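Following: one structure in structure tokens, then a few remarks.
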Amino acid sequence: MVQPTSPVANSAALLAWYDRSARVLPWRARPGETVDPYRVWLSEVMLQQTTVAAVAPYFLRFVERWPTIEALAAAPVDAVTGAWAGLGYYARARNLHACAKLVAEWRHGRFPEDEESLRKLPGIGDYTAAAIAAIAFGRKAVVVDGNVERVMARLFAVTDPLPGAKAHLKALAAALTPEVRPGDYAQAVMDLGATVCTPKSPACGICPWMEPCQARRLGIAAGLPAKAEKAPRPTRHGIAFWLIRPDGAVLLRRRPPHGLLGGMMEVPGTEWRDGLWSLDEAAAHAPLAAEWRPLPGRVAHTFTHFHLELAVATAKAGPRAAARGIWCPLDNLGDQALPTLMRKVVRHALAKAY
Ligand code: SF4
């Protein structure tokens with residue numbers, strides 16, 4: 001007979017819970033439905049670094065506009081990055097499009113089924129490859145995200161802090177991953193972490209792993225996983241230049257293809273650095289020489305590794321001003337692939353410059 005703490009018993013208890021309590025998610029096949037690898041891949045790329053609640057409306061808009069990988073591959077990359085605007089981590093949108101083209105044009109629209117081949121595609125790392133292999137193709141793969149790490153740390157009372165404990169937690173997750181229904185199992189652990197074994201107040205009383213859970217027995221569940229202290233985020237500064245033509249068009253430019261916000265559109269500006277800029281100093285980086293006027297207030301935005309504070313300066317350009325970039329009518333700004341930061345700059349300028 002299987003012991004209550006054995007991996008088989010644990011995965012069976014979790015799968016039984018999943019059959020009763022699985023979340024209904026727009027990308028998830030319901031019982032009896034065929035899993036669509038395109039939807040699994042699209043959702044997993046969108047979910048990297050982003051919450052389920054934020055992803056859901058984007059996912060639905062994407063699959064309505066591009067219902068197949070061939071349709072997505074045929075779309076202009078700017079349409080894809082534009083539709084992605086607001087989801088953040090924009091390199092994901094460019095990789096998404098590159099991956100769609102590769103799979104549509106070179107693999108007849110079929111994703112590879114094993115992790116190693118999936119990892120060779122743009123934008124697919126270890127986690128996403130494992131998730132697609134397990135969920136879309138029923139392969140036994142160890143899928144470990146933040147939810148899974150938390151659940152493993154608690155189930156086995158691992159008190160070593162993250163990120164150092166990652167490899168140990170992955171090994172524990174691997175030992176629990178069953179041969180049967182690996183895709184459902186992967187989604188079940190994620191669901192457990194998202195709905196029951198939540199970060200601050202785990203609902204141990206309704207947990208299918210209540211019995212074997214060591215952290216619950218020790219009364220230390222809410223404090224796990226332990227995390228190493230992070231260095232505080234530095235603040236960087238820059239100035240954005242809101243240049244207006246007499247017909248109301250505004251100057252935008254495209255950021256370099258690689259790096260932060262790579263390939264996205266932006267209001268031209270200085271580089272972002274640790275020290276504040278004076279307007280005189282910054283004017284040397286403006287798209288053209290003009291009477292730049294500072295707008296009151298600042299635009300604040302937080303990236304993963306730093307806070308950014310942007311001042312905005314405005315000037316009027318002549319009707320035939322020669323400046324490098326794209327003149328965009330105000331009414332068309334919504335169609336541009338402007339990341340969230342730049343949408344904040346636009347809102348700030350519209351509120352203060354007119
Ligand atoms: Fe998490 Fe509590 Fe379940 Fe343990 S018993 S896995 S701490 S919800």
Side-chain angles (χ1 to χ4, degrees), residues 1-25 27-28 31 43-44 47-56 126-128 130-131 133-135 138 140-230:
M1 186 178 156
V2 167
Q3 295 303 308
T5 51
S6 79
V8 177
N10 285 334
S11 61
L14 186 68
L15 283 166
W17 171 82
Y18 183 70
D19 289 338
R20 296 190 303 275
S21 313
R23 287 178 293 176
V24 176
L25 300 173
W27 44 86
R28 188 175 272 178
S43 63
E44 289 299 338
L47 286 163
Q48 294 166 0
Q49 318 278 352
T50 312
T51 63
V52 164
V55 163
D126 291 351
Y127 165 79
T128 308
I135 299 168
K140 185 180 175 189
V142 186
V143 185
V144 182
D145 67 355
N147 279 326
V148 178
E149 283 177 345
R150 181 169 62 256
V151 174
M152 291 303 128
R154 290 173 174 174
L155 189 58
F156 296 99
V158 175
T159 53
D160 296 340
L162 287 170
K166 273 180 180 291
H168 184 198
L169 295 174
K170 184 166 185 179
L172 293 169
L176 276 188
T177 302
E179 299 286 341
V180 293
R181 300 177 63 191
D184 284 347
Y185 174 80
Q187 295 177 94
V189 189
M190 289 182 210
D191 277 19
L192 189 74
T195 63
V196 175
C197 195
T198 53
K200 291 204 175 110
S201 44
C204 303
I206 57 167
C207 179
W209 280 346
M210 182 172 77
E211 273 307 311
C213 181
Q214 297 178 30
R216 181 193 65 81
R217 285 178 192 215
L218 295 168
I220 59 171
L224 296 182
K227 291 190 179 152
E229 266 188 34
K230 280 190 192 161

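All of these numbers come straight from a predicted model, not from anything done at the bench. Start at 1 and go down the list; that is how both ligands and their atoms are numbered.
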Task: Enumerated ligand 1 atoms positioned under 4.0 Å from heavy atoms of Met210 - done: 5 (S)
Task: Donor-acceptor pair between Tyr127 and Glu44 side chains, under 3.5 angstrom - done: yes
Open item on the list: Under 4.0 Å from a heavy atom of Cys207: which atoms of ligand 1 are those, numbered in the order shown and with their elements?
Closed with: 3 (Fe), 5 (S), 6 (S), 8 (S)
TODO: Let me see the working for Arg28 and Asp184 under salt bridge (Lys or Arg N to Asp or Glu O under 4.0 Å), right down to the final yes or no.
DONE: CA-CA 10 Å; Arg28 188 175 272 178; Asp184 284 347; over 6 Å; no
Open item on the list: Please report the interatomic distance CE(Met210) to SG(Cys204), rounded to the nearest 0.5 Å.
Closed with: 8.5 Å
Task: Residue, atom name and distance, where the atom is the protein heavy atom closest to atom 1 (Fe) of ligand 1 - done: Cys197 SG, 2.4 Å
- [ ] Could you tell me whether Asp160 and Lys166 have a side-chain N and a carboxylate O separated by less than 4.0 Å?
- [x] no
Open item on the list: Let me check your reading of the structure: within less than 2.8 Å of atom 2 (Fe) of ligand 1, is there an N/O/S atom from Cys204?
Closed with: yes
Task: atom 4 (Fe) of ligand 1 [closest protein heavy-atom partner, distance rounded to 0.1 Å] - done: Cys213 SG, 2.3 Å
TODO: Examine the proximity of ligand 1 to Ala221 and report which part, side chain or backbone, both or neither, has a heavy atom under 4.0 Å away.
DONE: side chain
Task: Numbered atoms of ligand 1 (with element) below 4.0 Å of Arg154, judged on heavy atoms - done: 7 (S)
Task: Interatomic spacing from CG in Leu192 to OG in Ser21 - rounded to 0.5 Å - done: 9.5 Å
Task: NZ/NE/NH1/NH2 to OD/OE distance under 4.0 Å, Asp19 and Arg181 - done: yes
